[in-house]
Student: 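Let me give you the structure first, and then I'll get to my questions.
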Number of protein chains: 2
Amino acid sequence: MSTIKDVAKAAGVSISTVSYALNNDKRIPPITADRIKKIADDIGYFPSAAARNLKKRATYTVLVAISDFGGPVYHELLDGIHVRLAQSGYTMIVSTGASTANLLKERSTDGAVISDIHITDETLIQLSKSLRPIIVLDRRLKETNIFNMTIDNREAMRKLTEDVLSKGYQKIAYVHGVHGTYDNNTRFQGFTEAMSAAHENVYREYQGNFTKKSGEWIGEEILKEENPPQMLVCANDEMALGIMEVLQKHGKQIPGDFGISGFDDIELSSYVTTKLTSIKIDHFGWGKKIAEALLSLLKDEDAPTEREKGVLKIRDSY
Amino acid sequence: MSTIKDVAKAAGVSISTVSYALNNDKRIPPITADRIKKIADDIGYFPSAAARNLKKRATYTVLVAISDFGGPVYHELLDGIHVRLAQSGYTMIVSTGASTANLLKERSTDGAVISDIHITDETLIQLSKSLRPIIVLDRRLKETNIFNMTIDNREAMRKLTEDVLSKGYQKIAYVHGVHGTYDNNTRFQGFTEAMSAAHENVYREYQGNFTKKSGEWIGEEILKEENPPQMLVCANDEMALGIMEVLQKHGKQIPGDFGISGFDDIELSSYVTTKLTSIKIDHFGWGKKIAEALLSLLKDEDAPTEREKGVLKIRDSY
DNA sequence: GTGAAAGCGCTAACAC
DNA sequence: GTGTTAGCGCTTTCAC
């Protein structure tokens, strides 16, 4: 492993000249610079990130922390963030679980995007004191170095619920995701808002955890009920898909016997026979906006951090 | 942002004592060590990764490079790697595209696991000279610091094809994934081996690219044929699912009019009505083995890098 | 236009 | 048991 010293020696110049040349400093004439670059190349020299980071107190790297690699929603979001970051020469790294805490604490990146409900608010607030800009996607936090970019769940779910209501549905139940999470709370808020406005009572509430499995359990539960709901407004697509699968397997018609709606409009919905009515989020576009905002924050500029809108995709499931 | 100096000053000791205390050096008596740790905590001190990395010439971080965040196969693999790495105090970071090259070049991690066909062999070989252990999952490379851990595609696909043959199928076609990739090549090899052994001709070959969309196109193509194949052995599940969807949508029976098989046994298969016969890979377990091997290599120990076996999951699609 | 040298925040050898 | 100090590989100020 060669260092800048080796290059300097091989080129017969000082290490500072090598540094200037490699960083395209205008003081070095192109001829010299090219010669040095050529030599560096031949030697197989690459600057050490550790040394540069230490000296510059910057890493040109951004961390995106997610709760797991399985979620169907992350794909496009990560792509969106990555694309925009790459344009500006930033490196994006992704982590989960314990790794995330390590990376944040030790300032391995210049900024971070957090979408991992396993990280507590307290940890984040503590960390925000050493790591400058942190954008959170999965909660709302009012803190100096923390910026919020969330999806306008409430508004979207209100619209969806209004649409359900307009179709004449009664006995409308709500299927919760993980209790206490931003996404679940705000989606439920939008739902109740629309229900109250229409003077409708919430017929029943089910407690799921955003997974397809939890949807399946709820589906079984519904099958056993004497007076089941007519309509199931679900906090996300995966649960809706789970419920739908179980109900259909038992001969229920959707729509007909039951109406179902989701949220997120995940790609999976296209693998399924009855197309799910859902809220589509442009995760790729949103990812680009998030990166854009983070880039501004890294330059100490203000950044727009408005809520991302969802659009109602009416299909066949109610 | 506080440094080790601040802690030393606050504790009235030298920076080396702080360093020793924080790294649990036995020379520092527990009382002192605890006092110093407490102070570090109060100050909100965390060691800088950059400084430590530079000094120790190690990062205790491992990179996993994948080709995109969307693939349904990566989820469990990443979880498996992460779990094992975390046990040994290593941090795992994941990257795609341009970011991967940056991280590898600048030695931001101590080792790497590569599953990204966009990275050329040449790049990898060049990089392997500075970054010590690299495990590749998506190709076979014989190079000093590069280790191969691949799935035994050939053997698995041979078994599957033998099973197809034993069911009496004729007019058997193969659906290729991305041309030239390790996975596609070796799966096709296994297929042809079994076919030759049974003195069967390959009825037809279709060229897909591992995506569901490409499966759909192939499905359309098949519908137009006068003498379509009876059986479609696909290089992966996603293409098989795409074909199945199109054929079923046009009233074809599976099995019956067509038999179909996949490879990978992705979770998605469970969203679909006709369960796909496929090769199940224990990606989580494999991930743990990969991490185990990398950990050994990082300690300069030998590592077992045998091929991962797949198991045939016979279900309903042929 | 180029070089000498300081210093980023740590670790660890060595001295006491 | 604790402190002093060199040095990891760079960037950048300041001289020349």
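Naming convention: chains lettered A, B, ... in sequence-line order (proteins, then strands); numbering from 1 in each chain.
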Student: Is B:K56 touching bases, backbone alone, or none of the nucleic acid, heavy atoms closer than 4.0 Å?
Tutor: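 The answer is sugar-phosphate, as B:K56 gets under 4.0 Å only of primed atoms, P, OP1 or OP2.
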Student: Return the nearest nucleotide to the side chain of A:I15; candidates are D:dC10, D:dT2, C:dG3.
Tutor: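 Between D:dC10, D:dT2, C:dG3, the one nearest the side chain of A:I15 would be D:dC10.
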Student: B:L22 has an atom CG; how far is it from atom P of C:dC10, in whole Å?
Tutor: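 After rounding, the gap between these two atoms is 9 Å.
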Student: Less than 4.0 angstrom between a side-chain N/O of A:N23 and OP1 or OP2 of D:dT11, yes or no?
Tutor: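 The answer is yes; a side-chain N or O of A:N23 sits under 4.0 Å from OP1 or OP2.
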Student: Where the side chain of A:S19 is defined as all heavy atoms beyond and including C-beta, which of D:dC8, D:dT11, C:dG9 is the nearest nucleotide?
Tutor: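 Minimum distance to the A:S19 side chain belongs to D:dT11.
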Student: For atom NZ of B:K9, is the number of surrounding heavy atoms from other residues, nucleotides or ligands below 6.0 Å larger than 12?
Tutor: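 No, not enclosed.
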Student: In whole Å, what is the span from the CG atom of A:N53 to the P atom of D:dC8?
Tutor: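 Result: 18 Å.
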Student: Take atom CD of B:E106 and atom C1' of D:dC10, then tell me their distance rounded to the nearest Å.
Tutor: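 Rounding to the nearest Å, CD of B:E106 and C1' of D:dC10 are 12 Å apart.
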Student: Just the rounded figure in Å: distance from C1' of D:dT4 to CD1 of B:I4.
Tutor: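 The answer, rounded to whole Å, is 14 Å.
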Student: In whole Å, I'd like the distance from the CZ atom of B:R27 to the C1' atom of C:dA12.
Tutor: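 These atoms are roughly 8 Å apart.
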Student: Out of A:T181, A:D121, A:N185, A:D183, which residue meets the side-chain hydrogen bond (donor to acceptor under 3.5 Å, both in side chains) rule with A:R139?
Tutor: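 Between A:R139 and the candidates, side-chain hydrogen bond (donor to acceptor under 3.5 Å, both in side chains) is satisfied uniquely by A:D121.
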Student: In whole angstrom, give the distance that lies between atom CG of B:L54 and atom P of D:dC10.
Tutor: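 For the pair B:L54 CG and D:dC10 P, the rounded distance is 9 Å.
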Student: If we count only N and O atoms by modelled type, under 3.5 Å, do the side chains of B:Y74 and B:S67 hold a donor and an acceptor together?
Tutor: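 Indeed, the side chains of B:Y74 and B:S67 share at least one donor-acceptor pair under 3.5 Å.
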Student: If you find the nucleotide of DNA chain D closest to A:R52 and the one closest to B:S16, which residue's nucleotide is nearer the 5' end?
Tutor: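 Here B:S16 is the residue nearer the 5' end.
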Student: What is the distance, to the nearest angstrom, from the NZ atom on A:K26 to the C1' atom on D:dT12?
Tutor: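 Interatomic distance, NZ of A:K26 to C1' of D:dT12: 12 Å.
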Student: Side chains of B:D138 and B:S115: is there a donor and an acceptor less than 3.5 Å apart?
Tutor: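 There is no such pair between these side chains.
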Student: How is B:R57 classified with respect to the nucleic acid when contacts are heavy atoms under 4.0 Å: base, sugar-phosphate, or nothing?
Tutor: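 Sugar-phosphate only.
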Student: Among the candidates C:dG3, D:dG1, D:dA6, find the nucleotide nearest to the side-chain atoms of B:P29.
Tutor: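 So the side chain of B:P29 is nearest to D:dG1.
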Student: Do the charged groups of B:D42 and B:K38 touch, with an N to O distance under 4.0 Å?
Tutor: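 The answer is yes: the pair qualifies as a salt bridge.
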Student: Tell whether B:Y20 reaches the base of D:dT4 with its side chain through a donor-acceptor pair below 3.5 angstrom.
Tutor: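 Side chain to base: no pair present.
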Student: Take the protein atom CG of A:D25 and the nucleotide atom C1' of D:dT11, then report the distance between them rounded to whole Å.
Tutor: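 A:D25 atom CG is separated from D:dT11 atom C1' by 11 Å.
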Student: Respond yes when some side-chain nitrogen or oxygen of A:Y45 is under 4.0 Å from OP1 or OP2 of D:dC10, and no when none is.
Tutor: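 Answer is yes, contact under 4.0 Å.
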Student: Measuring to OP1 and OP2 of D:dC10, would you say a side-chain N or O of A:S48 lies under 4.0 angstrom away?
Tutor: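 No, outside the criterion.
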Student: Taking only the side-chain nitrogens and oxygens of A:S14, find out if one of them lies under 4.0 Å from OP1 or OP2 of C:dG3.
Tutor: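 A:S14 to C:dG3 OP1/OP2: side-chain N or O found under 4.0 Å.
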